[in-house]
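Have a look at the structure below before the remarks.
All ligand and atom numbering here is 1-based and tracks the order in the structure. Everything numeric in this text was worked out from a predicted model, so none of it was measured.
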Amino acid sequence: MGTEAKHNGGPRHVAIIMDGNGRWAQARGRPRLFGHHAGARRVREIVEACPENGVKYLTIFAFSTENWKRTQIEVAGLMSLFRRYIMKEMQDFVRQNVRVRFIGDRVRLDEKLSALMDEAEELTGHCTGTNLTIALNYGGRDEVARATKRLAEDVAAGRLDPADVDTETLPKYLDTHVLPDPDLVIRTSGEARISNFLLWQSAYAEYEFIDTLWPDFTKDEFHCLVSSYGGRDRRFGGVKA
Ligand code: IPE
Ligand code: IPE
Ligand code: MG
């Protein structure tokens with residue numbers, strides 16, 4: 001493989017770990033769910049900002065496979081927020097030509113929510129604008145484990161030769177198989193960790209860890225991060241061209 005050093009005009013795929021809703025609410029003396037509602041309202045502005053920033057794919061982390069550890073009240077509140085959010089936004093996504101997809105394990109989600117997720121994917125299936133992917137009950141390790149299981153099933157059934165398994169084969173089994181790898185991963189709220197988000201896909205992503213809490217994140221800040229990405233020298237293990 002040759003050197004693939006290149007300067008990019010801007011990121012084609014931005015992924016965001018939307019963190020800090022709880023602290024945002026706490027700072028206002030309100031329950032954590034108040035912060036989650038405020039956080040959900042932020043999403044629209046950032047989705048709208050994608051075309052004007054040349055971002056074709058936006059992937060957002062809404063609920064991790066580890067977030068079930070939270071109180072029953074918070075988890076139930078989040079699940080009901082996701083249902084209402086999808087129901088409310090679905091038609092708008094169609095109007096904005098936004099194609100919605102979900103990644104993560106559906107098995108643990110309730111049937112009503114899962115049906116709404118299917119409906120949103122179908123309804124926006126023809127949209128050709130921004131590709132919005134919502135990670136819900138998503139964990140990078142869980143995704144790789146589920147992918148490996150399906151791959152092993154194909155080997156066992158004789159559909160796949162183990163000799164053909166390589167770094168091109170495995171991602172075809174990931175939830176993200178139709179998406180390009182993220183170019184830029186943003187995490188809000190000051191934490192400098194990836195918390196099990198897009199582990200395989202972000203191997204060469206650029207990272208931005210910013211202090212802003214997710215409900216305070218704006219279009220302007222998004223624009224600044226996307227613009228500063230343009231100046232980075234991504235080498236992919238090669239040398240500067
Ligand atoms: C991110 O905000 C949203 C979810 C994980 C569902 P948090 O709820 O993690 O907010 P903090 O980190 O406690 O402030
Ligand atoms: C990551 O945030 C998950 C989402 C933003 C949905 P967390 O708040 O769950 O991550 P940790 O616990 O700080 O690592
Ligand atoms: Mg958090």
Per-residue contact class, S189 against ligand 1 - non-hydrogen pairs under 4.0 Å: neither
Atoms in ligand 1 with a heavy atom of R23 nearer than 4.0 Å: 11 (P), 12 (O), 14 (O)
Whether H36 lies under 4.0 Å from ligand 1, heavy atom: yes
Among the N, O or S atoms of D19, the one nearest the Mg ion (ligand 3): OD1
Which segment of R70 sits under 4.0 Å of ligand 1 when only heavy atoms are counted: side chain
A62 near ligand 1 by a heavy-atom separation under 4.0 Å: yes
Least distance between heavy atoms, P180 atom then H13 atom: O-ND1, 2.8 Å
Residue, atom name and distance, where the atom is the protein heavy atom closest to atom 14 (O) of ligand 2: S195 OG, 2.6 Å
Charged N-O contact under 4.0 Å between R23 and D19: yes
Any side-chain donor near an acceptor of the partner, D181 and W200, under 3.5 Å: no
Carboxylate-amine/guanidinium proximity below 4.0 Å for R150 and D154: no
Atoms of ligand 2 close to D19 [distance to a heavy atom under 4.0 angstrom, numbered from 1]: 2 (O), 8 (O)
Side-chain donor-acceptor pair present, N97, T130, cut-off under 3.5 Å: no
Closer than 4.0 Å: a protein non-hydrogen atom to atom 2 (O) of ligand 2: yes
Common cluster, F61/V100, ILVMFWY with side-chain heavy-atom separation under 4.5 Å: no
Residue and atom name of the nearest protein heavy atom (relative to atom 12 (O) of ligand 2), distance in Å to one decimal: R193 NH2, 4.5 Å
A135 to F197 - nearest heavy-atom pair and separation: CB-CE1, 4.1 Å
Within one Ile-Leu-Val-Met-Phe-Trp-Tyr cluster: I46 and I134, side-chain cutoff 4.5 Å: yes
Ligand 2-proximal atoms of F197, by part, heavy-atom distance under 4.0 Å: neither
Min heavy-atom dist R32 to ligand 1 below 4.0 Å: yes
Min heavy-atom dist K69 to ligand 2 below 4.0 Å: no
Residue and atom name of the nearest protein heavy atom (relative to atom 10 (O) of ligand 1), distance in Å to one decimal: G22 N, 2.9 Å
N or O pair under 3.5 Å between E191 and ligand 2: no
Heteroatom distance test (N67, ligand 1): nitrogen or oxygen, under 3.5 angstrom: no
K56 with D183: basic N within carboxylate O range, under 4.0 Å: no
Atom indices of ligand 2 within 4.0 angstrom of F63 heavy atoms, with elements: 6 (C)
Flag for H223-E52: side-chain donor and acceptor within less than 3.5 Å: no
Residue M18 vicinity, atoms of ligand 1 by number, heavy atom under 4.0 Å: 1 (C), 2 (O), 3 (C)
Qualifying residue for salt bridge (charged side-chain N to carboxylate O under 4.0 Å, His left out) with E89, from R44, R83, R95: R44
